[in-house]
Amino acid sequence: MGYNSGMAIRVLPPDLVAKIAAGEVVQRPASVVKELVENSIDAGAARIRVEIRRGGLDLIRVVDDGCGIPAEEVELAFHRYATSKLSGSDDAFGVRTLGFRGEALPSIAAVSRITLVTRPPHQEVGVSITLEGGRVVAMAHSSAAVGTVATVRGLFHNMPARLKWLKSPAAEGAQIAQLVGYFALAYPEIAFSLTADGRLLMSTEGRGDLLDAIAEVYGWEAAEAMVELRPEGGPPGVEISGWVSLSHYYRPNRQQLAVFVNRRWVLHRPLMAAVTEAYRTLLMVGRYPAAVINVGLDPARVDVNVHPAKLEVRLANEAEVCAAVYRAVRQALEGSSGSRAALGEAMPVAEAFAVPGSPGQQLALEMPQASTDVPGFPKLRVVGQVAAMYIVAEGPNGMYLIDQHAAHERVLYERFRAQLELSRPEVQLLLEPLVVELAPSEAALVPEATSALEQMGFQLEPFGASAVLVRAVPALMPSEELPQRIKAFLSEVLEGGRDRLLERAAVSLACHSALRAGRPLRHEEMEALVEELGRCRMPRTCAHGRPTMLELHQSLLERQFGRR
Ligand code: ADP
Ligand code: MG
């Protein structure tokens, strides 16, 4: 066959155009559920019931008790661009309702058989209308409760290509479940339920209590691990609310990390990154918190027109909003870890540093002060050390093993952060400047990193093509093996580029300054370390998010020894 197989250019028939356009809005069963539920929410419903069969392919039904559609307008609702939600044309920005384009119902109708039974409160009887392939096939008065029942059958029956492209009914159903979960989290004042193939999968009470909704959607374990966001001092016009999990709870993926903008669930990577960033040093790489966060913004600053299904939005002041979310989460986590020190309160500063070069390097630990009982951190009695790596201690609940490097890293990290907050990290001037050789790729990044490094207490200058001359380092760094520590620190920091440099550098500095595993410790040193760990804001994890201690509970020991 030649390239011209006899097909003339022609105008596509309107029903085909409709199908193609519908494909944008209605890509899969979950898209139908999304559009129908949004309509129910816009209709002011207090209860929304979703029912699906075979992942939505056989049936999708959304039942609401909202305002209904007057009989005389029902047909119009299926016309493209027919909407009751916009008054003037410039209204498309700054929308307050979920729908506004008037595309959903006609799009669904074009690719399925849809029946709407609807009655507004002021009408005695309702009306039932059925469309197939976009055409009205039946319409009649119908007895109906106030509200709307939308039933979609045979989705994509006239689009075999689309059908083939779908995942298994189980996978499509799972997407619907996740979606309905998001709605339930965004609207705790609405009672949602989801039934799949006759099984009730989820139902919320709609009492307006978000934590209740979280327990239903994420489960009790998550709900119990959560703290509420109560941001203080955020930017004006940015209202952040919600709940986030404490670090003992985590998931292997972001499935329980829901971010909403004006109660619309959005796939907004910078916002999600702002949340996970707040857990840096608290959760290991590859672990994610549970969170439900709503960011309330002036609708005029949110452009929802960038994505046909409105899943992505563009924010006018994205960086500011992300920073505010980060701060709100951070505040909630710090406020709830049994903290002694508020942000910015100075950590006690070590005295115990030896001048570089002097023998008999002391540990950068303070002597214990009057013990401050930190809720959430047990009072521990040091028993000894094993493998020159772990401190064995006794506490109220049993036995504890403390990783000396991880614990010290946490202590140094928090102390250094506190110094940074006060913008005066302690500095040690080196008697003789050190020349540190770097890889050329690392050396190239030095100019960009210089100001952050200076803020931390480093003084360095370029030296030849790929080396730096180090004149001063933060006092935190022990002089023992200083050149190796500086080199390892600089390589690690520069390798990561300029992204969040200061924070990463603080973690690296703590790590490369902390006690190494393999170092024998004196009893007082261990006591001092444990004491200081107990005074940390977040004593349970090191700066990389790994645990600092293991608890071997009394009951476990008893079980293991057959005493119980
Ligand atoms: P949009 O939501 O963008 O306005 P739709 O095609 O989704 O467009 O719906 C068209 C119109 O039908 C809506 O503007 C609304 O007036 C009406 N409508 C749709 N679903 C419902 C419902 N569940 N309850 C009340 N009215 C509805
Ligand atoms: Mg709509």
Side-chain angles (χ1 to χ4, degrees), residues 18-19 21-27 29-51 60-89 91-112 114-123 125-131 134-136 139 142 144-152 155 179-180 183 186-187 190-193 262-265 299 303-311 313:
K19 269 200 277 179
E24 271 190 43
V25 180
V26 184
Q27 303 206 329
S31 336
V32 174
V33 175
K34 176 173 180 292
E35 296 296 339
L36 295 178
V37 169
E38 287 189 350
N39 282 347
S40 297
I41 294 171
D42 283 345
R47 309 191 67 84
I48 298 176
R49 252 171 48 217
V50 180
E51 192 190 326
I60 294 171
R61 176 173 289 144
V62 175
V63 183
D64 72 51
D65 58 357
C67 65
I69 308 174
E72 58 278 14
E73 290 174 22
V74 164
E75 232 188 308
L76 190 62
F78 284 93
H79 279 254
R80 191 151 280 267
Y81 310 124
T83 175
S84 59
K85 299 169 192 175
L86 285 184
S87 40
S89 58
D91 250 19
F93 297 94
V95 277
R96 280 164 205 284
T97 50
L98 291 166
F100 58 87
R101 294 202 194 101
E103 278 178 311
L105 291 184
S107 297
I108 296 168
V111 297
S112 71
I114 180 172
T115 300
L116 221 65
V117 180
T118 184
R119 170 160 92 85
H122 63 269
Q123 290 190 336
V125 281
V127 60
S128 163
I129 183 171
T130 300
L131 289 89
R135 291 194 187 83
V136 178
M139 187 163 155
S142 159
V146 170
T148 302
V149 180
T151 307
V152 173
L155 182 62
L179 175 80
V180 177
F183 278 119
Y187 294 88
I190 299 177
F192 283 91
S193 72
N262 292 343
R263 310 229 273 172
R264 190 192 288 279
W265 179 78
D303 185 358
V304 290
N305 271 308
V306 292
H307 189 281
K310 308 180 211 86
L311 293 181
V313 295

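Index from 1, following the sequence. Counting convention: from 1, in listed order, for ligands and their atoms alike. Heavy atoms only: backbone and side chains are in, while hydrogens, waters and symmetry mates are out.
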(request) Mark up the atoms of ligand 1 that fall under 4.0 Å of a heavy atom belonging to T148, in ascending order. (result) 22 (C), 23 (N), 24 (N)
(request) Could you name the option among L76, I69, D64, L105 that has the heavy atom nearest to atom 23 (N) of ligand 1? (result) D64
(message) Under 4.0 Å from a heavy atom of A77: which atoms of ligand 1 are those, numbered in the order shown and with their elements?
(response) 10 (C), 12 (O)
(request) Can you figure out which of I48, N39, L36 has its heavy atom closest to atom 7 (O) of ligand 1? (result) N39
(request) Working to the nearest 0.5 Å, report the span between CD1 of I108 and CD1 of I60. (result) 8.0 Å
(request) Can you sort out which atoms of ligand 1 are near P106, meaning under 4.0 Å from one of its heavy atoms? (result) 6 (O)
(request) Tell me yes or no: between the side chains of T118 and T148, is some donor less than 3.5 Å from an acceptor? (result) yes
(message) Between ligand 1 and G66, can you find any atom pair, the residue atom being a heavy atom, that is separated by under 4.0 Å?
(response) no
(request) State whether the number of non-hydrogen atoms from other residues, nucleotides or ligands found under 6.0 Å of Q123 atom CD is greater than 12. (result) yes
(message) Quiz question: by atom type and distance under 3.5 Å, do the side chains of R49 and S193 form a donor-acceptor pair?
(response) no
(request) Return yes if a side-chain donor-acceptor contact under 3.5 Å exists between T151 and T115, otherwise no. (result) no
(message) Under 4.0 Å, heavy-atom basis, I'd like to know which part of A43 is in contact with ligand 1: side chain, backbone, both or neither.
(response) side chain
(request) Measure the spacing between CZ of F183 and CH2 of W265 and express it to the nearest 0.5 Å. (result) 10.0 Å
